[in-house]
Structures are given as structure tokens and as C-alpha cells.
Amino acid sequence: MTTTTPDVLHTRVLDWYADHARSLPWREPGCSPWGVLVSEVMLQQTPVARVLPRWREWLDRWPTPSDLAAEPPGEAVRAWDRLGYPRRALRLHAAAVAIRDEHGGRVPADHAQLLALPGIGAYTAAAVASFAFGQRHAVVDTNVRRVHARAVTGDAEPAPSLTAAENRLAVALLPQDEATAARWAVAVMELGALVCTARSPRCDACPLLDRCAWVLAGRPAHAGPTRRGQAWAGTDRQVRGKLLAVLRASPDPVPAADLDACWPDAAQRARCLDGLVADGLVEPLADGRFTLPRT
DNA sequence: CACGCGTGGAA
DNA sequence: TTTCCAAGCGT
């Protein structure tokens, strides 16, 4: 239970955002909804600094969904470069096709229609509806969850996965006015990204310092179980990454021998290649070579 | 619902 | 060096 009224949180965070927001190209007034959507998908689990150059290239090459939809999906995977989780590139291409075929080439403003697009989940649908179309939605990402956990709930970290209680809290905190709600959504996220960070929060720079439930409680350590980091060395994910890197680097289809060279364990290599084919990230050709997907 | 899914910079 | 972690999604 908090004694701080939402109005104070809104004023503090919105004023802070007005002074400290980063100038990012997808926040420019002239940025299209498509530009916002592309940025949101690229930013799923990938840092802003790494996204920036790829985002500019994408929007320059494919300024509309129909431009991307006209290309083979493999071109999206190649242009994705090393942003990671390349299935996102495939889904973004599929979303572009759906936007062209089912929405007249225009990114839909409706939350449910956004949610129905490939690769667009609860967070991204709300983010696009809010950031690109100025609507009132609870936009709950990892930054927002961390700010809410500390400032409102008084916990050092949010729960391992998004809970119904967190969603209820985010809805309860939304300003009533639509335009204010949209600014609040991006402002809280920015606060979590720049000040209320995961590792070393800069509480001295926080506009909520004197109202933060976690600080007022003496910054107690995280109570729950420590979440396990993802293993990497020797995992299928590493092997998939190596296989796909070979295919991205080659403008032409690649002989199987080139893929064999990138990982010593033949069984794991074969399993991963099969997985990539099943995912639609790799296309096997009749002559035994492999390529990024053409269809 | 817990898990698998890439990548690389910073602490 | 190792570990953490960065605007999640789909199954």
C-alpha cells in the first residue's frame, strides 16, 4: 500500500522526462508507425546502441511495410545482421506481409490487430499503440516492471515473469488523459533505462528518490530466488548462431562443407541445422547447398 | 508456464 | 575471466 498519490508520480516522472529523455530517431515526430514498430521489435532483448545503426539501414532500405514484404524473408535475416534472436527478423518480415495483405499496407492502430501480427506480443502491441498512435495503454516492459517494483511495491527486483498483479498496477497508474498516458508510458520506461537500472541504480538522480518505497524501506536485498543466467558455451543457441553467421556472410548458397567447418560435433550441428530449417531461417536446396530463405 | 531463442558490451 | 543483462515472443 502506497501513500504516494499517482499525481505526484506523474508530475515527477513527466518533468524528469522532459529534461532527460534521449533523442532517439524513432521518437522523432516525423517517425512513421512502421519505424516505431521496427524499433520495438529490434529492441526486444537488444540494447539501444546496437539497434541504432541497423534501424537506420532498415528504414532507409524499407521505408514502408510493403517495401520489406516485397523482399524474400532471407533478406530480412541478412539485414538483421548480429542483433541476435534472428527469428525476430523472420517474424518482422511476416508482419510486413500481413500489414500489406490485410491492412492495406498501413500499420494498424488497433491494439488487437497489432497483437495478431507475427512477433508482436503484449508489450510491443501496447508500445506501438502508445508511442506511434498516442493511445492510452499499460506498456509494461522490464524497465517499467523494475521501476514499479522499487518505487511502488518496495522490492529490489520484479518477479521472474510478468504477473497479473503487475499488470493491474500498471493499469492503475495510467493517467486518465490519453496524451498524458502515452507520455507517461515512455517516461517511466526511460527512467528505468537511465536511472532505475538493474545493476547500479542512480538513485541520486531519481525524481522519485524521496517517494521510493524501496529506498524508504532501506533498500532491502531481493527476497525471491535469484534467477539463473542463460548458459551459452556449447549450447544449441551458440551453434545456430555460427551456422547462420556463415549463411549471412555469403551472398550465394553455401555448400554443406562450409557449415560442417563451423562446429566439430556433427550430431549437434545436424540437429541445429534441422532446427534452423524447421524455423524457416534456412532453406535446403536440391543440390545439397543451403541458403537464407527465399520464400 | 518454463523454457529456448543470439549477441556483445560493461562491471 | 566470468557474469550479468539488454524496450520479449511463441510454444
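Chain A is the first sequence line, chain B the second, and so forth, proteins listed ahead of strands; every chain is numbered from 1.
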Rounded to the nearest 0.5 Å, what separates atom CG in A:D19 from atom CG in A:L14? 11.5 Å
A:D260 and A:R269 ion-paired at < 4.0 Å: yes
Taking B:dG8 as the reference, what is the distance to C:dC9 when you measure between their P atoms (whole Å, please)? 23 Å
Looking at NE2 of A:H222 and CG of A:D155, how far apart are the two atoms once the value is rounded to the nearest 0.5 Å? 8.0 Å
Is there a side-chain contact between A:T124 and A:Q44 (heavy atoms, below 4.5 Å)? yes
Interatomic distance where CG belongs to A:D279 and P belongs to B:dC5 [whole Å]: 9 Å
Would you mind reporting whether A:F290 and A:L276 have side-chain heavy atoms less than 4.5 Å apart? no
In Watson-Crick or G-U wobble terms, both distances under 3.5 Å, what is the partner of B:dA10? C:dT3
Going by the side chain to side chain contact (heavy atoms under 4.5 Å, CB included) test, name the single residue among A:F131, A:W34, A:W55 that passes it with A:S39. A:W55
Ionic contact status for A:R27 with A:E190, cut-off 4.0 Å: yes
Between A:R294 and A:E283, is there a side-chain N and carboxylate O pair less than 4.0 Å apart? no
Using atom CG of A:L92 as one end and atom P of B:dC5 as the other, report the distance to the nearest whole Å. 21 Å
Using the P atoms only, state how far C:dA7 lies from B:dC5, rounded to an integer number of Å. 22 Å
Nearest non-hydrogen partners of A:A76 and A:L68, listed with the distance: CB-CD1, 4.2 Å
A:D210 with A:R12: basic N within carboxylate O range, under 4.0 Å: yes
Footprint string (nucleotides 4-11 of chain C, 5' to 3'): B base within contact, S backbone only, - free, heavy atoms under 4.0 Å: BSBBBSS-
Within residues 57-65 of chain A, residues whose heavy atoms come under 4.0 Å of DNA chain C: none
For A:R106, I'd like to know if atom CZ has over 12 heavy atoms of other residues, nucleotides or ligands within 6.0 Å. no
DNA chain B contacts made by residues 232-251 of chain A, counting heavy atoms under 4.0 Å: A:W232, A:D236, A:R237, A:R240, A:G241, A:R248
Nearest whole Å is fine: how far is B:dG6 P from A:M42 CE? 16 Å
